[in-house]
Amino acid sequence: MIGRTQTFHKRLLQWYRANRRDLPWRAPMGSQPGTLPDAYSVLVSEAMLQQTQVATVIPYFQRFLQAFPTIHRLAAADEQSVLRLWQGLGYYSRARNLRACAQAIVAQQGGKIPDAVETLKQLPGIGRYTAGAIASLAFNKRAAIVDGNVVRVICRLDGIKSDPRQRPVIDHLWQRAAALLPRDNVADFNSGLMELGATVCTPLKPRCEQCPVRKNCAAFALGKVDLIPPRKEAKPTKLNRRVVLCILRTVRRTTEVLIEQRPATGRWAGMWQFVTLDPGNHTKSAGSGEADSATDLSSLRSGAEGVAKNVAAKIAGSTTPPTHFMSLRHQLTHRRYAFEAFTVHALARRSAKSTIPGEMRWVSIDRLSDYPLPKPHVLIAAKLAAQLA
DNA sequence: AAGTCGGGGAT
DNA sequence: ATCCCAGACTT
């Protein structure tokens, strides 16, 4: 346990104010201590920062606030344009929830972001952590927060050796985070707790010699900083194989390619992609069947071209033979993908016949950038454009 | 309580 | 390659 919490929060605050990073969603570095950032900036940044590192978020945050400078502009935006700005950031339900959240705040709160945790928690995409973050960081309310950084920092401070992913341990950490809160300066205190975890009290090789509160740290005293918290056991990831068809046609000297929209739920919901097939499921698109194909590698290699040919004909009528132009592997948290991409040229002049529930659309290569695409399809689109140039 | 949901940084 | 990241939501 931390002996004297009075000196703890003073040490942390002093360290934070001397060492904090200059981040675009924070109050400017020159401003008076205690200056609060704009609440809309906090809302957007907290949505983007969920399960995402600061360095990754910064450019997305800048572009997003340029496109949607106010909560009213975000509330009025269409979902596709919000998704397009989120493209590459992952966890796309965050983008749809953030837009819905802005709409709810405009409709119910007159566009003013609430400062009460219980009110904030009712909003889409705002859970226990984000509600506390907005209340404390944007309004200096006395609300606790426990994110991945705070979990690690408190576990080490208190010498908690049990697994912080377990429910009772999490609940205890929330209690401790609340007990540690100072009466004033909650915004800087909570920021400091996270900043410490992000820059000093890191998962691997923590910089304990730089830590302002190592005298308060039980793990440091025990020499067990590296063992706390315990690391998670890795789970094996399944490999999913996909055949991607770039079906091309030329209209008035403009090359167009066929894309399809993914279902409104599940992975990459509502985003667009080149026609994608599960080769173990020849007639279905990737939207429905995510199960691993039993097809082995060699038969897939030879079979992918056949699948491409058959399905291309089914969708677009007669086509040229498929040309393989790209292999791509893509790693997600719980699975891996292996994409084999082909081009075919549609010969018949008939409209595309969709093989999936969703919409299909012919778009010129130049217009592909208007559509939110999953990362692997962004890479395929880049290679395709380079080839056709 | 366990699964799902992306992609990249750091080591 | 592996673990983790200013988590929320569904089942």
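First the proteins, then the strands, lettered A, B, ... as listed; each starts at 1. Hydrogens, waters and symmetry mates are skipped; everything else that's a heavy atom, side chains included, is used.
Below 30°, between 30° and 60°, or above 60°: for A/Phe61 and A/Trp25 the angle between ring planes is above 60°, a perpendicular geometry. Under the 30°/60° scheme for interplanar angles, the aromatic rings of A/Phe68 and A/Phe64 are found to stand perpendicular.
Distance noted for atom P between C/dT11 and B/dG6: 15 Å (whole Å). C/dA6 and B/dG3: their C1' atoms are spaced 22 Å apart (whole Å).
A/Tyr60 has its ring centre no less than 6.0 Å from the ring centre of A/Trp86.
Counting non-hydrogen atoms under 4.0 angstrom, A/Leu23 reaches a base of the nucleic acid. Among the heavy atoms of the strands, none lies under 4.0 Å from A/Thr202. A/Arg336 comes within contact range of no nucleotide atom at all, as no heavy-atom separation falls under 4.0 Å.
If A/Arg21 and A/Leu123 are placed on DNA chain C by their nearest nucleotide, the residue sitting closer to the 5' end is A/Arg21.
When DNA chain C is scanned in the 5' to 3' direction for atoms under 4.0 Å from non-hydrogen atoms of chain A, the outermost contacting nucleotides are C/dC3 to C/dC9.
Qualifying side chain to side chain donor-acceptor pair (under 3.5 Å) partners for A/Asp38, counting only residues two or more places apart in sequence or in other chains: A/Ser41.
Judged by distance alone, with hydrogens and angles left aside, the side-chain atoms of A/Arg142 form a donor-acceptor pair with the main-chain N or O of A/Leu181 at under 3.5 Å.
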Exercise. Do nucleotides 4-11 of chain B as a string where each nucleotide becomes B, S or -: B if the base has a protein heavy atom under 4.0 Å, S if just the sugar-phosphate does, - if no protein is that close.
Key: BBBBBB--

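The shortest side-chain heavy-atom distance between A/Leu258 and A/Phe274 does not fall under the 4.5 Å cut-off.
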Quiz item: Should A/Gln261 and A/Gln80 be marked as a side chain to side chain contact (heavy atoms under 4.5 Å, CB included) after you check the CA-CA gap, both sets of side-chain angles, and the distance that decides it?
Solution: CA-CA 11 Å; A/Gln261 189 173 28; A/Gln80 286 287 304; 3.4 Å; yes

Self-check item: Stepwise side chain to side chain contact (heavy atoms under 4.5 Å, CB included) check, A/Arg26 with A/Ser45
Solution: CA-CA 10 Å; A/Arg26 285 181 173 167; A/Ser45 66; over 6 Å; no

